[in-house]
Each structure stands twice: as structure tokens, then as C-alpha cells.
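So the structure is just underneath, and the comments pick up after that.
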Amino acid sequence: MTRYDPAALEPKWQAEWEAAGVFAARRDDRPKYYVLEMFPYPSGRIHMGHVRNYTMGDVVARYKAACGYSVLHPMGWDAFGMPAENAAMERGGHPRDWTYANIADMRSQMKPLGLSIDWAREFATCDPEYYGQQQAMFLDMLAAGLVYRKAAVVNWDPVDMTVLANEQVIDGKGWRSGAPVERRELTQWFFRISDFAEDLLDSLDRLTHWPEKVRLMQANWIGKSRGLQFAFDTVDAPAGFDRIEVYTTRPDTLLGASFAAISADHPLARALEAADPAVAEFVARCRQGGTSAEEIETAEKIGLDTGIRVRHPLNPDWHLPVWIANFILMDYGTGAIFGCPAHDQRDFDFATKYGLPVTPVFVAEDAEETPLAEAFVPPKSDRVRYVRGFAGDAVQTGDQGVAAAIALAEAQGWGRGVTRFRLRDWGLSRQRYWGCPIPIVHCPACGVVPEKKENLPVELPHDVTFDRPGNPLDRHPTWAATTCPACGGPARRETDTMDTFVDSSWYFARFTAPRASTPTDAAEADYWMNVDQYIGGIEHAILHLLYSRFFARAMHRTGHLPAKAVEPFDALFTQGMVTHEIYLTRDAAGRPVYHLPEDVIRTETGASLKDGTAVEVIPSAKMSKSKKNVVDPMNIIAQFGADTARWFVMSDSPPERDVEWTAAGAEATFKHLSRVWRMADDIARSTAPDAPAEDLALDRATARAIADVTAGIEGFAFNKAIAALYAFANAVQKSSAGAAAKRRAMATMAQLMQPMVPHLAEEVWALLGGQGLVARAPWPKADPALLVQDSVTLPIQINGKKRAEITVPRDMPAAEVEEIALADPDVIRFLGGAVPKKLIVVPGRIINVVA
RNA sequence: GCCCGAGUGGCGGAAUGGUAGACGCAGGGGAUUCAAAAUCCUCCGCCGCAAGGUUUGCGAGUUCGAGUCUCGCCUCGGGCACCA
């Protein structure tokens, strides 16, 4: 070979690795290391986000293998979900065929990347082998009381007669029908995740290798609060509604109450609805629009005075009006609140709109009571002065005020302190075809009956159609017809399938024994769990990661995971997204039509299609297939090779940050890798004699590179590791050391590059006569003696501004350093005869003269 | 609306509270070449001839010293329980 030729050398080394079985995960006497990237959804094409994500994991996997670990680095497919059904609806075909074809395509696109994956463990969540085990666990969890049924609200499209996902609700309307969405109740299956709320919250403290922001987001999501639950006695309420239970986290503001409010789904609202057309009309309005918190909280706040009054618990003669309000959720607390407009902005807005009083309860510690233009909501830890307090001191923190109010209510017997969590149980039922069937049978005689384990998997039928909306399982002529596992009589299968989050909540465990005839294999799980390093997108910070933590606990409780695995991910890294501009034009109806970057000509002022049509440019957003702002890595690989793609996505941007994709850098990366190849080729043939001083300098540069690259990888700062490799390449190139020293340096470079550009590293290693595969070579160690600098350059600041610089021996005593610093001509000039007031010497770092 | 992040040259970014701009891209100049590509050398935050001044989204503060810590804003991004 006379030049760097990735098209030739990359397949060659991939074949060598395959033949040697380098990446097969084995249980042996080495310490194990399990590195896992979130598995991909098989959209059909890999994109740069995948390349970035899996290269990061691969860098870690290869580095840990070099460090002597037995590494497990598997790959699979999160293969159930709505896009397959959407594709079937739009283009015909079948979700199963679409999904497996996509998997085959994506696998064939990923393999050329040279990832150190044990492909023998691959599976897809839509494999009956996988989802059958999931059904078995569902039954175990049902038996253990971890699953139950209750009514829950869904988005209902009244035209398509189907349930909509939140993302299918756009501006309160169904995405296909355009009909206003309604909220409708269905009986659905739930996991009792809220039973674990306390543990899931407390255990966050132990996840010391998780990003602080993720732990904080989860803690806020779980939302532990201490508050007061009490009942208002009602006046003029319908029979059976003598009391309205409310929960509040601010009982200290009770004397600022100006109204009570209940959810439109509150039992009292339902009772009034039946009797009063005006109420019925109002609650119907409340039930319009989607179910998402975002929609509910940003919708216009509306209310209706029911005419019912309640007695204030601290003064029975004080009556508060009861309103029905659209922002009170039946799912939270008791579905009823009292409003204190002075200290809650939402209540303030509501009171202002409907002319309800605003009565301050407390003011800032040193302030006087004045009319409020907005709610006064200081942190609960701040001290405030209570002007309408009823418990505790006049001046106390909000937290103290709350505690005192609870204590008083309990002592007087009209309320009790209650700890609540915001976390709600996990609704897992989906009215869709392409998911794991819930293995339940509905029998007219026996009711809800679990399917027998020997009848698992309950497989999806293949003969379904998607020519009309709704769940094909529900209208399948025969599939649901079965016999009752309990009585043997005719019965009907549950036609709901599971949320795809269930699939992705235990795949990490299945990878430890992917072909086991039980969900997990105890010995394998015991050896491989936990995942030592998990890598995924920040968009999963709450839902996926919290569900997985719950599922691991539920699996432990049902005997499918060891106790040590209840926190399945020891370390978490959340990589940033790869973003790109979005290009769109409008169709005749004004709806957006998206265009791929390769179909768009970008100029400095704007963009157009190849036929000249002007294109709207939306600034960078997460790459998404539906928006078509995706870049095809296969083009980069075809042109420059996988190593260029790998190096490029690791360089420049820190891994945790989003990166805006530009094609400009790929060619520059290729040039650099070509240069490294040429250097290796030259050095391999060099006969330059030893040159002691230069050889030592190069050995020092090598030690520096080992230290910096190692620190970069260990610290998940791959961009810094790459920067160190650039610097090292420059040092080798400029060095006039002898051939032997240069070969040492270059062989080390091959080892240090191996995690990022494994193919080139093998080639360089082979050119230099390295033993075996560099993929199996141990990680180099830096000689500490070579890392120590003899002298150090210290900046001298005068009043915090740098004015001079001195170079002194590394271990010179501070007194001598001071003397030299004060004798420096620039220092003397800038002091202008002034006597220094103070001298700060930070050894090895800086000198600051305060004049 | 609520929760969580991010913001540094033309660009991606670096910087245990201690020389802001490592490393790379783009760009300027030069060498090589008949010429070009490739390669190599070199310069490169901004203002200024220079001395010097100025500079990390904006505004305050703490400190001998702040990109880094605190408070208040602005902008962008992620999540908000049926997108995965």
C-alpha cells in the first residue's frame, strides 16, 4: 500500500477481529465491564447521532478491554412502536416486515463502523422470544401485586374513533382528522411504581456516577412533598358531599384562602354535571383538549362558580365559594384545593380574572403589607413575617410555618400531615397493534384471568390491516377468541399491548443471557450486572431511566435479578444530540413539507431546492426522521472510511453537548488520518540513528500523550483525548529523534488511537511490527518520571492583571520566587515605585502583587 | 405554565477560583511546482503604528484574582407521564 486506503484496510481488520472472536463477551477470571448504549429504534437508516453515540460506547469498551477487563458490549433493537404502524398506514405493508427490514438495513450500516460489539447477543424487542419473556414477567409482577387495573384518561379522537398519543395531538386537535380532541376514560393496566417512590428518591443519593442534573430532574419528578390534608364542610351541597377533602403544601397560607376549586372530574363536579346543564356544558369544555400537562397548564384558565360554599376550618362563619377549574387535575392530591391568590401565581391569575379577593398571609421580613400586583412566592426556606399567621412565630421561614400549621391542625383534630409524591403509577396499556400483547384473558365467568405461562408467548397475529384507524387487534376476526385459562370456557384476549417503555426497561438484563428460556439466567445476571457504563440521550433523563430503575426493583422482587442490580446502571453518561437545520417548503394547503439536507442548496443568505424553489430554514433542531433534518453517515463512510466518521464525531465537541453537524470537518479529519498513516509508513522504513536529547524529548511527549489521552477517556472528554492525539502527532512529526524512539512513539500512538480509529490503529501497529492485534494490546502506561517538568513559567499579576512572566526551577522556594518576581523589570516599571501591600504566591501557578 | 441544562474568536471548542482562546476548522502570507492538487513552514480574538487598552450572552456582587462562585435578567435547547 502506498497511501492511506480505508476502503481496503477497514474490511480487512474487521475480518481479522471476527476470525479471532475479539469481541465475544466471555465469563472468565478477569474483572468484567459492561458498557451499554441505549439501543436504537430501527427507523431504517443510521444517522450521525447513532454514530456519535455508539462510537462513544465503543471508545469506552475498547479502552476497558485494553485495561484488562472482560467486556460485554451488546447491541439490540427497540423495535416496537408507532412509526411501524404509521408506515403501514401511509405506505401499506406490515409493521413486522417493515421493522425487520429496517433492522437488517441498520445492522448492515452499523457493521462497517467497526464497533466492538458482540453481535451474537443481538435481539429485537419484537422477537416473540423476547416479548414472551416480558409477558412471563408481567404475570409474575401481577401475582406479586405490582400490576393492577384502573380507569385513566386518554386523548380520544372522536372522528377517527381512536386513542391518540400526545405527539399526535396538535393544538388540541387530532393530527389526521383535525377534530378537537376529547378526554375519555378507559380501564387500563398500571405498574405500581408509586409504591417505590420513597426508595427511588432516596436511592438517587447513591448514584454518585450519574449526572447531578439527571438526579435532580428525577427527584423533582418524584416530587416528595409534606402537606396538610383536611376536609372543608360544605354548605348547600348535594347529598353525599358533606365534606370536600383537600391537600395543600402551603397550609400556612390558610387565612389567605379566597376560594376552593375542584377538578372537572371530581365526584362532586360529576354529580353537579348530571343535575345542571350549565355545569355539564362547562365540564365538557374542560375536557376538551389533550391530556398532556403542557396543554393543560398553558390552556386558558377557566372556572365556574358552583354556588356551593364551604366553611373555613379556622372559622366556620367564613364561607368560601367552590369553583370548578380546568387546571385542577383529579390525578394529583385529592382533585380539590383551596386557592390562596396572594402566594400562588396561578391562583392569583384566577382570582384576578374572576374578581376573587387577594389576601396576603405574609410579607418579606422587613416589609409592610401592600396591595399585590403579582403573587408573592419566596422560597420556603426564606424567613417571612406573617401578618395573617395562625401557627408558629410571627417571623419564621415558610417551612417552619407549614410545619407549625400541620402540628396545630393535628392537635386540634381537623387535619393531618400527609407526605405525598407527584409520581403517578405507570400506565402501560396501549390501544395499538405493534407492541407486546398483555397476556390476559377476559372471561365472562371468571373475569380478568392471567394467561398460563405455558401458553406464552401470546403472539401477535400477522394478518392485520391498517386501512382504517384504531387497533387492528380489537377488530381481528379470530385472534382475541380463546378459552379461559381458569374455567376452560370461551373467553376473549386483552387486545391492548404494552407501552414500549416496558420493552426498554429490562433489555440490559436480557443481554446478559439473550437466549435463556427464562427472562434472565441467575448466574449470567450475577456475573454481568450491573451495567458499569450506560450511555444515552438526555431526553431519557426522567422517563426511561426512572422506569428502568423501577423495573429492576420489580424484577428483583419477582426473582429475575439479584439484589445488587436494583440500581442497574452504575454510571450514566448523557450524550448531547446531533442537531441540524430543518428545511421546509409548504404544500398547497400550507402544510409543511420537509426536505433532506442533501436535496437543499445552502447559500449564505438562504437556501433553495435544486429546482430553485426557496426553502424555509429553521435553526438547528434534534435530528428527526419526520423533519428530515438527518445526515447520512454512509456517505461519509463511503467517501472517507469509518475511522474518519468515528474520529470526526469524537473530536471538537464535548460529548455531553449538542453538536451542530457540518460536513466541513470530515475532509480535514481524513487528511489528518492520512498524515498519521504516512508518518507510520516513513518511520517503519527509517534508519535514523539514536539522538539522546531528542529521543528523551519524544519519550516525554509520549508520556504526556498517554497521560492526556487516558485522562480524556476516563473523564468522558473524548474531544480532549483527540486534541492530545493531534498534539502528539505534531510532536512526532517535528521530532528529530532516532528511528527506534520514533517507532516507540508511533506504536504508542497506535495503542492510544485504537479506541477511536481502530482500523487505522491496527494498520499502524502492523506496519511497525507490533505483536498480534492492537485491539488486544494492553493500554500503555506513562512513566511518571517523564511527566515531571524541570522548570515552570509563572505569570506575575499586578492587581490581578498579568504584567510579566518568569521561568524558575520547579521546586524553588517561595521566598526566592518572590525575590525574583519583585526584581523583574516589568514589575518594577508597573509598580512605579509603589510599595507592594501584599504578595500572593501560588506555588507552580501564579504570583499576584497587590499594590 | 412547571422542572433541568447551555451560552467563550469567523466556526467547533480548551481552561483544579490562578497567563482566557489548548487542539481543530476556516482564513492570510510563504516554500515546493511550468501550473494546480497534495504536502510543508508561518501568522491569526477585537481596537491600536506602538505603548497599551479591551474581551467569556446582559447587569450587579463576593475575592488579591471570576469563563469558573452568588443574585437578578436575556436567548437557545431537553423533559412534562401515549414519540422513542
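In what follows, chains are A, B, ... by sequence order, proteins preceding strands, each numbered from 1.
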Quiz item: Looking for any heavy atom pair under 4.0 Å, which part of the strands does A/Q168 touch: base, sugar-phosphate only, or nothing?
Solution: nothing
Quiz item: Contact class for A/K837 vs. all strands (heavy atom < 4.0 Å): base, sugar-phosphate, or nothing?
Solution: nothing
Exercise. Look at the rings of A/F191 and A/F551 and say which category their plane angle falls in: under 30° parallel, 30 to 60° tilted, over 60° perpendicular.
Key: perpendicular
Residues two or more places apart in sequence or in another chain: which of them pass salt bridge (Lys or Arg N to Asp or Glu O under 4.0 Å) with [X]?
{"X": "A/E294", "result": "none"}
{"X": "A/D382", "result": "none"}
{"X": "A/R430", "result": "A/D499"}

Quiz item: Is the distance between the ring centroids of A/F640 and A/F648 less than 6.0 Å?
Solution: no
Quiz item: In whole Å, what is the span from the CD atom of A/E297 to the C1' atom of B/rG79?
Solution: 13 Å
Quiz item: Near RNA chain B, which residues from residues 421-437 of chain A have a heavy atom under 4.0 Å away?
Solution: A/R422, A/L423, A/R424, A/G427, A/S429, A/R430, A/Q431, A/R432
So which protein N/O to nucleotides 37-44 of chain B N/O distances come out below 3.5 Å?
from   : atom 1 : to     : atom 2 : distance (Å)
B/rC40 : OP1    : A/Q733 : NE2    : 3.4

Quiz item: Can you name the residues that form a ring pair (Phe, Tyr, Trp, His ring centres under 6.0 Å) with A/Y547, not counting sequence neighbours?
Solution: A/W426, A/F501
Quiz item: Is any side-chain N or O of A/E294 under 3.5 Å from a base N or O of B/rC80, one able to act as donor and the other as acceptor?
Solution: yes
Practice problem: Please confirm whether any donor atom in the side chain of A/Q188 sits under 3.5 Å from an acceptor in the base of B/rC82, or the reverse. | Solution: yes
Quiz item: Is any NZ, NE, NH1 or NH2 atom of the basic residue among A/K213 and A/E656 found under 4.0 Å from an Asp or Glu carboxylate oxygen of the other?
Solution: no
Quiz item: What residue pairs, at least two apart or across chains, pass side chain to side chain donor-acceptor pair (under 3.5 Å) with a residue in residues 835-846 of chain A?
Solution: none
Quiz item: Pairing of RNA chain B as dot-bracket, 5' to 3': ( ) intra-strand, [ ] crossing, | other strand, . unpaired, with Watson-Crick or G-U pairs under 3.5 Å?
Solution: (((((((..(((.....[....))).(((((.......))))).(((....)))..(((((..]....))))))))))))....
Practice problem: Mind checking side chain to side chain donor-acceptor pair (under 3.5 Å) for A/E805 and listing every partner two or more places apart, or none if nothing turns up? | Solution: A/K802
N/O to N/O distances under 3.5 Å, protein versus nucleotides 69-72 of chain B:
none

Practice problem: Summarise how protein sits on nucleotides 45-53 of chain B as a single string, 5' to 3': B when a protein heavy atom is under 4.0 Å from the base, S for sugar-phosphate-only contact, - for no contact. | Solution: -------SS
Write down the protein N/O and nucleotide N/O pairs, taken from nucleotides 4-8 of chain B, whose separation is under 3.5 Å; answer none if there are no such pairs.
from  : atom 1 : to     : atom 2 : distance (Å)
B/rG7 : OP1    : A/R657 : NH2    : 3.2

